[in-house]
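The structure appears right after this line, and notes come after that.
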Amino acid sequence: MQKEKTITATLIEFTCDCGQGVYRVDQNAKIIHTNPKQWPHICTYCQKEVILAFPYPIIKHRGEEFVLAKHVRFEGNVYLRGDESEGK
């Protein structure tokens, strides 16, 4: 059974070159399955698009980095090698 516990954590964001926004995973884009995987991101201010090896923001707790569960789901992923049904 799952159990919730309150913790103190740090939110790590990736700042855009525009200096005004941060990158967020593009919810309309598909994960690129290379090694490592890559996530398309869009700046919250200028809409610049980049590909990053981690889905930002990241949560850091006690020296460990965690990604949001919604970014590791299999739906809508793209496989560069092999059959697209690999992750289903």
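It should be emphasised that the depicted structure is a prediction, and the values quoted were computed from it without experimental measurement. When a residue number appears, it is its place in the shown sequence, counting from 1. The basis for the numbers below is simple: all heavy atoms, side chains too, and nothing from hydrogens, waters or symmetry mates.
In terms of heavy atoms, Thr44 sits closest to Gln47 at O-NE2, 3.9 Å. A pairwise comparison of heavy atoms in Tyr23 and Leu52 identifies CB-CD1, 4.4 Å as the closest pair. Contact record, Cys18 with Cys43: SG-SG, 3.8 Å, taken as the closest heavy-atom pair.
With sequence neighbours excluded, the residues that form a side chain to side chain contact (heavy atoms under 4.5 Å, CB included) with Ile59 are Ala9, Leu11, Phe66, Leu68. Listed by chain and number, the residues in a side-chain hydrogen bond (donor to acceptor under 3.5 Å, both in side chains) with Asn28 amount to none (sequence neighbours excluded). Shown here are the side chain to side chain contact (heavy atoms under 4.5 Å, CB included) partners of Lys60, two or more places apart in sequence or in another chain: Thr10, Ile12, Glu65. Partners of Phe54 under the side chain to side chain contact (heavy atoms under 4.5 Å, CB included) rule, at least two apart in sequence or in another chain, are Tyr56, Ile58. Under the side chain to side chain contact (heavy atoms under 4.5 Å, CB included) criterion, Pro55 pairs with Val25, Trp39, Val67, His71, sequence neighbours left out.
Identified under the salt bridge (charged side-chain N to carboxylate O under 4.0 Å, His left out) test for residues 4-13, with sequence neighbours left out: Glu13-Arg24. Annotation: salt bridge (charged side-chain N to carboxylate O under 4.0 Å, His left out) contacts involving residues 49-59, sequence neighbours excluded, are absent.
Taking a 4.5 Å side-chain heavy-atom cut-off between Ile, Leu, Val, Met, Phe, Trp and Tyr, the cluster of Met1 contains only that residue. With a 4.5 Å cut-off between side-chain heavy atoms of Ile, Leu, Val, Met, Phe, Trp and Tyr, the cluster of Val22 takes in none.
Within 6.0 Å of atom CD in Glu64, 12 or fewer heavy atoms from other residues, nucleotides or ligands are found, so the atom counts as exposed in its surroundings.
Taking CD1 of Ile32 as the start and NZ of Lys37 as the end, the distance is 12.5 Å to the nearest 0.5 Å.
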